[in-house]
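Accompanying notes for the structure given below.
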Number of protein chains: 2
Amino acid sequence: MTDVKPMRADARRNYERLLAEAKRAFTERGVDASLEDVARSAGVGIGTLYRHFPTREVLLETLLRDRFDTQAGKARELLAAEDPLDGLYTWLVGFGTASGAYRGLTELLADAINDPGSALHASCHAMQEAASQLVDRAKEAGALRADVTTRELLLLLHGASWAGTHLPGERGMERLLTLVFEGLRAS
Amino acid sequence: MTDVKPMRADARRNYERLLAEAKRAFTERGVDASLEDVARSAGVGIGTLYRHFPTREVLLETLLRDRFDTQAGKARELLAAEDPLDGLYTWLVGFGTASGAYRGLTELLADAINDPGSALHASCHAMQEAASQLVDRAKEAGALRADVTTRELLLLLHGASWAGTHLPGERGMERLLTLVFEGLRAS
DNA sequence: TTACTTTACGGAGGTAGCCTCCGGTTTGTC
DNA sequence: GACAAACCGGAGGCTACCTCCGTAAAGTAA
């Protein structure tokens with residue numbers, strides 16, 4: 001199916017250097033980090049960066065794909081957790097952490113869900129699917145309010161994650177998510 | 001105390017034109033709208049804009065002050081509401097709406113709370129004070145979880161407001177806030 | 001090795017936005 | 001009408017985005 005031609009040696013080298021530097025830059029400066037800086041510190045021309053990664057989204061998506069795949073796998077595991085609500089909660093914390101990896105990322109992800117053209121859209125959609133099953137299971141067990149949709153829940157998660165990054169201390173997101181979550185129990 | 005000299009006629013005219021155009025631009029394009037565009041459409045040089053409003057924050061703060069003052073007044077009124085929880089809720093919805101006036105504003109406000117150097121800091125602080133009294137009243141009435149701080153509540157509000165703006169439809173913020181809020185009742 | 005093709009590189013260059021600085025103009029006043 | 005104070009405007013230096021294409025390096029076959 002997808003028989004990808006192996007990259008030329010120099011191309012592969014540059015590709016990997018760019019990814020490494022991009023990761024550093026996004027971590028330190030947030031998702032708006034200068035791409036020219038990334039290229040510079042990778043010892044590569046700006047044109048090379050844009051050839052490998054036509055848009056900032058593509059670059060981000062490449063960096064995040066592994067993380068997202070892991071997260072999707074976790075959802076499958078947690079479907080077997082004894083307590084459906086705990087399982088869902090655990091997963092949400094994991095996803096919240098992932099979506100807060102770089103400053104400003106939460107925003108991009110929230111937008112990507114609504115924009116099929118975004119390079120991040122597929123990943124987001126996959127996450128939503130994964131969450132959906134956990135949500136349904138929690139509802140069926142009567143542990144979660146029945147009138148909350150997965151979309152709303154994920155938005156609340158994003159909101160908490162976003163708010164957490166605007167809190168000086170760390171672990172803010174988890175506290176906020178707990179507050180929200182305890183309130184969503186079925187009563 | 002503050003004896004402000006009256007502005008020269010041309011200065012006052014430009015000042016007001018700039019405010020009007022800035023409001024339009026922020027509404028249409030969000031808080032990152034180009035200031036050069038604002039100056040252009042106000043028929044004024046970019047230097048004039050920067051003289052009147054040294055930073056984007058100052059410009060925003062000027063535009064928002066009225067709204068914020070109104071909101072603070074509402075808090076005082078709502079301290080007399082019959083149901084403390086309803087009063088708090090009503091106020092939060094109002095504040096959430098105000099902080100969603102321009103795309104991207106929620107983010108600026110959330111940061112301004114932690115940055116005393118920001119031109120928006122004073123307004124934010126005033127809001128926090130106003131909220132604090134409503135929160136205390138609701139707690140004393142035993143209607144609100146006692147372990148939630150005003151800061152956390154405002155962050156959750158900001159989170160809901162933020163998430164609401166990333167929802168295609170309107171009125172998203174209110175729905176999200178309701179979900180959060182119902183969960184914070186004292187049980 | 002060499003000669004040749006394919007793939008990839010890199011940075012100049014055009015666009016746009018930020019912000020500062022200062023020569024020149026307008027306003028208010030006496 | 002003349003003068004000082006207040007104010008205007010945009011050129012200019014900076015950074016970042018993204019595209020385009022002449023040049024260089026890697027792979028391949030003889």
Side-chain angles (χ1 to χ4, degrees), chain A residues 2-22 24-26 28-62 102-104 107-108 111 117-120, chain B residues 2-22 24-63 102-104 107-108 111 117-120:
Chain A
T2 54
D3 49 355
V4 246
K5 234 187 241 185
M7 276 170 130
R8 233 174 67 172
D10 52 351
R12 148 127 276 130
R13 193 179 55 231
N14 289 336
Y15 180 88
E16 261 145 25
R17 279 186 189 162
L18 281 168
L19 274 184
E21 289 304 322
R24 222 167 55 88
F26 289 151
E28 288 171 9
R29 312 267 208 187
V31 294
D32 288 329
S34 158
L35 296 184
E36 305 217 288
D37 268 353
V38 171
R40 250 191 299 278
S41 46
V44 146
I46 185 66
T48 299
L49 185 151
Y50 276 98
R51 195 169 336 95
H52 283 301
F53 309 102
T55 68
R56 190 179 291 269
E57 271 81 32
V58 170
L59 181 48
L60 270 167
E61 207 270 336
T62 309
Y102 311 125
R103 186 157 25 91
E107 180 125 37
L108 284 184
D111 285 338
S118 163
L120 293 163
Chain B
T2 55
D3 49 355
V4 246
K5 232 187 245 185
M7 278 171 129
R8 235 173 65 173
D10 52 350
R12 150 125 274 133
R13 193 179 54 230
N14 288 336
Y15 180 87
E16 262 145 24
R17 279 187 191 163
L18 281 168
L19 274 184
E21 288 305 321
R24 221 167 55 85
F26 289 151
T27 303
E28 288 172 8
R29 311 265 208 188
V31 293
D32 288 328
S34 158
L35 296 185
E36 306 218 288
D37 267 354
V38 170
R40 249 192 299 277
S41 46
V44 145
I46 184 66
T48 299
L49 185 151
Y50 276 98
R51 194 165 341 94
H52 284 300
F53 309 101
T55 68
R56 190 180 291 270
E57 270 82 33
V58 170
L59 180 48
L60 270 168
E61 206 272 335
T62 309
L63 280 173
Y102 310 126
R103 188 156 26 91
E107 180 125 37
L108 284 184
D111 286 338
S118 162
L120 293 163

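Below, chains carry the letters A, B, ... as their sequence lines are ordered, and counting in each starts from 1.
The distance between atom CD1 of B/I46 and atom C1' of D/dC8, rounded to the nearest whole Å, is 13 Å. For the pair A/D32 CG and C/dC18 C1', the interatomic distance rounds to 15 Å; values are reported in whole Å. Per the geometry, CG belonging to A/D10 stands 12 Å off C1' belonging to C/dT6, to the nearest Å. Computed from coordinates, the A/R13 CZ to D/dA26 P distance equals 7 Å when rounded to whole Å. Remark: P of C/dT26 and CE of B/M7 are 19 Å apart, rounded to the nearest angstrom. Here the P atom of nucleotide D/dC8 and the CZ atom of B/F53 are 11 Å apart, to the nearest Å. Between A/N14 atom CG and D/dA24 atom C1' there is a gap of 13 Å when expressed in whole angstrom units.
OP1 or OP2 of C/dC18 lies within a sub-4.0 Å distance of a side-chain N or O belonging to B/R56. Checking the phosphate oxygens (OP1, OP2) of C/dC9, a side-chain nitrogen or oxygen of A/R51 falls inside 4.0 Å. For D/dC17, the OP1/OP2 oxygens have a side-chain nitrogen or oxygen of A/S34 closer than 4.0 Å. Of the side-chain N and O atoms in B/K5, one or more sit less than 4.0 angstrom from OP1 or OP2 of D/dA6. Note on A/H52: every side-chain N or O is 4.0 Å or more away from OP1 and OP2 of C/dA8.
Checked by atom type and distance alone, the side chain of A/R56 pairs as donor or acceptor with a backbone atom of A/A33 at under 3.5 Å. Looking only at distances, no side-chain donor or acceptor of A/R17 sits under 3.5 Å from a matching main-chain atom of A/S41.
Listed candidates were D/dC17, C/dC19, C/dT26. Nearest to the side chain of A/Y50 is D/dC17. In this structure, of D/dC8, C/dC18, D/dC18, it is D/dC8 that holds the atom nearest to the side chain of B/T48. Across C/dT6, D/dC18, C/dT26, the shortest atom-to-atom separation from the side chain of A/R8 is found for C/dT6.
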